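Structure first, commentary second.
Quick caveat, the model's predicted, so the values are computed rather than measured.
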Amino acid sequence: MTTSPSAEPARSASSPAGDVGDVGADVTEAAAATPACKAGGLAVTAHQAAHRPSGTGTGAAVVEFTNTSAKTCRLKGHPSVAGAGNGSPGHNSPLAVTPKGSASAVTLAPKGRAWVKLTFVQVQGEGDGYCASGADPVVYPTLVVGLPGSGKHQVALDDGQFAECDNKVTATAVSAVEPS
């Protein structure tokens with residue numbers, strides 16, 4: 001498992017750092033014993049991804065989850081995604097999520113971070129743009145991104161709005177490595 005400095009691999013008391021023995025079962029048990037991160041213990045931000053499909057909309061965004069609690073916790077799975085109509089979670093418009101990649105637990109120490117990448121069906125053209133499918137493009141000031149066992153989080157882009165076509169998004173599983 002590849003980890004960033006801010007996410008720590010799960011270790012149990014019987015598998016200290018540096019032990020190169022067969023600790024697969026211990027690591028798996030430790031990850032399962034680590035509780036899921038609670039919604040109130042996560043800060044969530046989003047920015048446009050460096051690598052996006054061509055077009056004029058958002059294309060792709062990276063959503064960052066930071067453990068703001070004082071305890072180690074775990075994130076796992078692919079997100080649910082909905083556009084928050086009028087910036088309100090009460091007016092959500094769910095997007096069809098196509099999962100990309102397999103899901104492994106990511107253990108977050110306090111202040112640890114994990115990420116998902118959302119890739120949208122891109123808006124084409126200038127001005128109001130258009131969808132290749134013939135559907136109308138949609139712009140959301142915020143999205144509601146949910147993770148299994150860790151609640152739903154309303155998040156805005158740090159530099160614009162989310163624009164997409166066809167109410168579809170491809171989403172990576174939570175990762176300890178920031179996608180580009």
Side-chain angles (χ1 to χ4, degrees), residues 1-4 7 36-67 73-106 108 113-180:
M1 174 169 90
T2 304
T3 60
S4 68
C37 297
K38 296 182 183 199
L42 291 170
V44 184
T45 60
H47 63 271
Q48 289 195 37
H51 298 285
R52 305 186 296 265
S54 62
T56 57
T58 307
V62 175
V63 181
E64 179 180 286
F65 299 87
T66 303
N67 179 2
C73 62
R74 172 184 47 84
L75 295 175
K76 183 177 179 181
H78 292 86
S80 61
V81 182
N86 297 323
S88 170
H91 299 140
N92 287 355
S93 178
L95 303 182
V97 176
T98 300
K100 182 177 180 182
S102 60
S104 297
V106 177
L108 299 178
R113 299 179 297 168
W115 298 266
V116 298
K117 183 175 182 179
L118 306 175
T119 303
F120 302 95
V121 175
Q122 185 67 306
V123 175
Q124 304 297 313
E126 298 293 327
D128 290 337
Y130 66 94
C131 298
S133 67
D136 290 330
V138 180
V139 176
Y140 297 106
T142 60
L143 292 179
V144 177
V145 179
L147 286 175
S150 296
K152 294 181 180 180
H153 310 271
Q154 188 169 355
V155 62
L157 273 175
D158 64 358
D159 62 348
Q161 297 184 343
F162 298 96
E164 60 87 19
C165 288
D166 304 333
N167 296 321
K168 296 179 189 176
V169 62
T170 299
T172 64
V174 175
S175 174
V177 177
E178 183 176 7
S180 57

Practice prompt. Sequence neighbours left out, what passes side chain to side chain contact (heavy atoms under 4.5 Å, CB included) with Asn167? Give chain and number order.
Written response: Leu95, Val138, Tyr140, Glu164
Worksheet, complete the sentence: Sequence neighbours excluded, the answer for side chain to side chain contact (heavy atoms under 4.5 Å, CB included) partners of Asp159 is Gln48, Leu157
Worksheet, complete the sentence: Across all chains, not counting sequence neighbours, the side chain to side chain donor-acceptor pair (under 3.5 Å) partners of Thr98 are none
Worksheet item: Among all residues two or more places apart in sequence or in another chain, which pass the side chain to side chain donor-acceptor pair (under 3.5 Å) test with Ser102?
Response: none
Considering all heavy atoms, the nearest [X]-[Y] contact:
X      : Y      : value
Gln154 : Ala84  : NE2-CB, 4.0 Å
Ala46  : Phe162 : CB-CZ, 4.2 Å
Lys117 : Ala49  : CE-CB, 3.7 Å
Ala171 : His78  : O-CD2, 3.2 Å

Discussion item. Go through it in stages, so that I can follow the logic: the residues are Val44 and Glu64, the test is side-chain contact (heavy atoms from CB on, under 4.5 Å), and I'd like the CA-CA distance, side-chain angles, deciding distance and then a yes or no.
Written reply: CA-CA 6 Å; Val44 184; Glu64 179 180 286; over 6 Å; no
Tabulate below the donor-acceptor pairs under 3.5 Å that side-chain atoms of residues 146-153 make, not counting sequence neighbours, or state none.
unit_1: Ser150; atom_1: OG; unit_2: Cys37; atom_2: O; d: 2.8
unit_1: His153; atom_1: NE2; unit_2: Ser150; atom_2: O; d: 2.9

Would you compute the distance between atom [atom1] of [X] and atom [atom2] of [Y] and round it to the nearest 0.5 angstrom?
X      : Y      : atom1 : atom2 : result
Asp136 : Cys165 : CG    : SG    : 9.0 Å
Gln161 : Leu143 : CD    : CG    : 10.5 Å
Ser104 : Lys76  : OG    : NZ    : 6.5 Å

Discussion item. Is there a side-chain contact between Arg74 and Leu108 in this structure, where contact means two heavy atoms from C-beta onward sitting under 4.5 Å apart?
Written reply: no
Discussion item. Check whether His51 reaches the backbone of Pro179 with its side chain - one donor and one acceptor, N or O, closer than 3.5 Å.
Written reply: no
Worksheet item: Under the criterion side-chain contact (heavy atoms from CB on, under 4.5 Å), which of Val116, Asn67, Val174 is the partner of Leu75?
Response: Val174
Worksheet entry | Trace of the side-chain contact (heavy atoms from CB on, under 4.5 Å) decision for Val63 with Leu118 | CA-CA 8 Å; Val63 181; Leu118 306 175; 3.8 Å; yes
